[in-house]
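First the structure, in the form of structure tokens, and then the observations on it.
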2 protein chains.
Amino acid sequence: MKTVTLAHGNGGQENNELIKEVFYNAFKNEILERNEDAAVIEGGKLALSTDSFTVSPLFFAGADIGKLAICGTCNDLAMMGAKPKYLTCSFIIEEGFEVSQLQSIVNSMKEELAKNDAIIVSGDTKVVPKGSVDKLFINTSGIGEVLYSGISSNNISTNDLILVSRDIGAHGATIYISREGIELSSNLKSDCSSLFPLVKALIDEKIKITALRDATRGGLSAVLNEWVKQSNVCIEIDERSIPVSDEVKGVCEMLGFEATSLANEGTFVLAIAKEDANRTLEILQRFENAKNASIIGKVTQQYPQKVVLNSSFGTKRFLDMPCGELLPRIC
Amino acid sequence: MKTVTLAHGNGGQENNELIKEVFYNAFKNEILERNEDAAVIEGGKLALSTDSFTVSPLFFAGADIGKLAICGTCNDLAMMGAKPKYLTCSFIIEEGFEVSQLQSIVNSMKEELAKNDAIIVSGDTKVVPKGSVDKLFINTSGIGEVLYSGISSNNISTNDLILVSRDIGAHGATIYISREGIELSSNLKSDCSSLFPLVKALIDEKIKITALRDATRGGLSAVLNEWVKQSNVCIEIDERSIPVSDEVKGVCEMLGFEATSLANEGTFVLAIAKEDANRTLEILQRFENAKNASIIGKVTQQYPQKVVLNSSFGTKRFLDMPCGELLPRIC
């Protein structure tokens, strides 16, 4: 590893290598190395997470960088069973950026904050000369109050089933299409949305939650591959049960993508105790953004640390951690 | 305001206008509007702050972007009487950036974290294509435990004296010189350093602290002008008592700067109850980075919301909030 490549930001294999070799190596501590969506601190009472957003274009079907910046951090907190509470935001703005666009982005943030009943309590604004940044980057960090303890990607067992909250790949496909200027007469739009209301419903209905993770960069494949390693299990997925919209299927066929590696921004994977899996489906399906939630697989000991995909043709293959140059600036 | 200009990032007048019109307007809440260095949350127990670092060059005399990123956020927490505890860090890296440079920056972060006895608990890494960012930006956000309550820039009164912890302007002068490639046979280096140990000493010795603020973008002028407005007082400064090194004086004379508007990254301004001011000086001067701490002025009601500078020639003038295009990418 001599220089940082686009592959090092793919949310997959090379990304993890960079993080482990450079960052974990220097910063190592027990909390960081748990490798969860958010750090749980203060004796388990609070969760803390950070994300920088560099998405291009800034505005796309279904959302913009502002909505994404709030959903991204709030969702990471929700994935640890935490209610998003206090956020910080930091803007890096290129000289010459239009104030009206900034205002529109900030309004999206405001709307999405309300959905999480969270507030921005601290901020930072940097303006850099033309050419030093492409238009606008936003960082959000957030603190949440842990409502449900013990969620962890390190505790998944054969007693769990694997669910996904909705059809996958919409965000990645939308960004790709809008960046390439491909015009599709379709309803394709990003799934970008806040997941806390869904998680709260599960908690309120006393579902036994083992693990939750939103399938952002690297998509469903990355989450499942991280989980099998962290919990030292095998996850077997039934390909037919993974919901994929016709629009996303179309983009995948046209461009040679795998829907399972495409990024999502309002889609999460759940490991839920078997006896609660059907009730979880019912609860999720009450929500507009989880109407086609599905049970997609089970946890076994067959191939520890591997994800097995049982295809619709009756064949089996390993679903690997995404690698190489995936779409950059997806989030 | 149609487009964002470099002046909107100056830490001075235009910066405050952008923040108030665009950000406060949308995000308004009581905590944000207190306008302190860090937000105090959870019933006064915790402080929360965020900062993005875009400094250019990445390496400069006395520090690098990594050290700066830890000092910046930890110092903001310290300014609210909080002990830095948990930090997040988020890297936005340009494709092609050298891993050895990244490693060196991360090592600086590690060293500075140790000085604050703080840890990184959550992180994010984005890699963007060449040209989308200039080399590397870092965001750090942090949570601190409030050790001393009631520090506020809104409570400064005529019972306080104004102090500065060391000679001013070293960071701004260093960045300017290194960016312009001016070679000076001098010892000029950034003041970048962690301030928590100094604040802790003041707390341990039971000093009555009214307000603290580190004089970053916009320098001493910005802090004093914010304070007179927030507390509705007049601050009268004795120009001769402001410590300025010969090196910084030289740079200011050569380039036409005011030392009072130059950025600092390890220099703070204090409003301290009169009876404790001399003891505060003694305590600060025990530290290498505060050897020339000074009492620089007093609080009066003469010109509310104004900063008065009593010059060495016996003349008086208002010291205004910095405005216009100050040096960009200073932090």
Side-chain angles (χ1 to χ4, degrees), chain A residues 1-6 8-9 15 18-19 22-23 26-27 29 31-32 38-39 41 48-52 54 56 86 88-100 102-103 106-107 109-110 113 119-129 131-134 137 139 141 143 328-329, chain B residues 1-6 8-9 15 18-19 22-23 26-27 29 31-32 38-39 41 48-52 54 56 86 88-100 102-103 106-107 109-110 113 119-129 131-134 137 139 141 143 328-329:
Chain A
M1 218 187 333
K2 202 170 149 13
T3 62
V4 178
T5 65
L6 285 177
H8 285 119
N15 203 177
L18 178 71
I19 291 170
V22 179
F23 300 118
F27 300 146
N29 62 71
I31 302 174
L32 187 65
I41 55 171
L48 175 62
S49 190
T50 190
D51 248 319
S52 285
T54 64
S56 171
Y86 305 110
T88 64
C89 66
S90 176
F91 291 80
I92 302 175
I93 311 170
E94 187 180 24
E95 176 188 12
F97 192 71
E98 277 185 33
V99 173
S100 62
L102 187 61
Q103 237 143 3
V106 165
N107 284 336
M109 294 175 77
K110 181 186 173 180
L113 281 165
I119 55 174
I120 300 276
V121 294
S122 186
D124 178 46
T125 311
K126 296 287 189 312
V127 183
V128 298
S132 299
V133 73
D134 183 21
F137 292 167
N139 174 280
S141 300
I143 297 184
R329 298 187 63 188
Chain B
M1 216 186 332
K2 204 170 148 10
T3 63
V4 178
T5 64
L6 285 178
H8 285 120
N15 202 178
L18 177 72
I19 290 169
V22 179
F23 300 118
F27 299 144
N29 63 69
I31 302 173
L32 188 65
I41 56 171
L48 175 62
S49 190
T50 190
D51 248 320
S52 284
T54 65
S56 171
Y86 304 110
T88 65
C89 67
S90 176
F91 292 79
I92 302 175
I93 310 170
E94 188 180 25
E95 178 189 9
F97 191 72
E98 277 184 34
V99 173
S100 61
L102 188 62
Q103 237 143 3
V106 165
N107 284 337
M109 295 175 77
K110 181 184 173 181
L113 282 164
I119 56 174
I120 299 276
V121 293
S122 186
D124 179 46
T125 312
K126 296 286 190 311
V127 182
V128 298
S132 299
V133 74
D134 183 21
F137 293 167
N139 175 280
S141 299
I143 297 184
R329 298 187 63 187

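Convention: sequence-line order gives letters A, B, ...; per-chain numbering from 1. The structure displayed is predicted, hence computed values, not measured ones.
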Counting heavy-atom pairs under 4.5 angstrom with chain B, the leader among A:I119, A:V106, A:V22, A:N139 is A:N139
Is any side-chain heavy atom of B:L102 closer than 4.5 Å to a side-chain heavy atom of A:L18? yes
Taking every heavy-atom pair that is under 4.5 Å apart, which of B:S56, B:S90, B:G9 has the most such pairs with chain A? B:S90
Measuring from A:D124:CG to B:T54:OG1, what's the distance to the nearest 0.5 Å? 9.0 Å
Option that, when pairs with chain B are counted at under 4.5 Å, heavy atom only, ranks first among A:L32, A:I93, A:I143: A:L32
Heavy-atom proximity to chain A below 4.5 Å, by part of B:I120: both
Which one of B:D134, B:N29, B:V99 has the most heavy-atom pairs closer than 4.5 Å to chain A? B:V99
Rounded to the nearest 0.5 Å, what separates atom CD1 in A:I92 from atom CZ in B:R329? 9.5 Å
I need the residue from A:A26, A:S52, A:S122, A:S49 with the largest number of non-hydrogen atom pairs under 4.5 Å to chain B. A:S52
Nearest heavy-atom pair of B:F27 and A:K110: which atoms, and what distance? CE2-N, 4.1 Å
What part of B:L6 is in contact with chain A, defined as an atom under 4.5 angstrom from a non-hydrogen atom: side chain, backbone, both or neither? both
Side chain, backbone, both or neither: which part of A:L48 has a non-hydrogen atom closer than 4.5 Å to chain B? both
Per-residue contact mode, B:D51 against chain A (heavy atom under 4.5 angstrom): both
Going by ring-ring contact (aromatic ring centres under 6.0 Å, His included), name the residues that satisfy it together with B:F91, two or more places apart in sequence or in a different chain. A:F23
Of A:I31, A:I19, A:N107, the largest count of non-hydrogen pairs under 4.5 angstrom with chain B goes to A:I31
When only pairs under 4.5 Å are counted, which of B:G96, B:C89, B:P328 shares the most heavy-atom pairs with chain A? B:G96
side-chain hydrogen bond (donor to acceptor under 3.5 Å, both in side chains) against A:T5, all qualifying residues, sequence neighbours excluded: A:H8
Identify which part of B:L113 has an atom lying under 4.5 Å from any heavy atom of chain A, answering side chain, backbone, both or neither. side chain
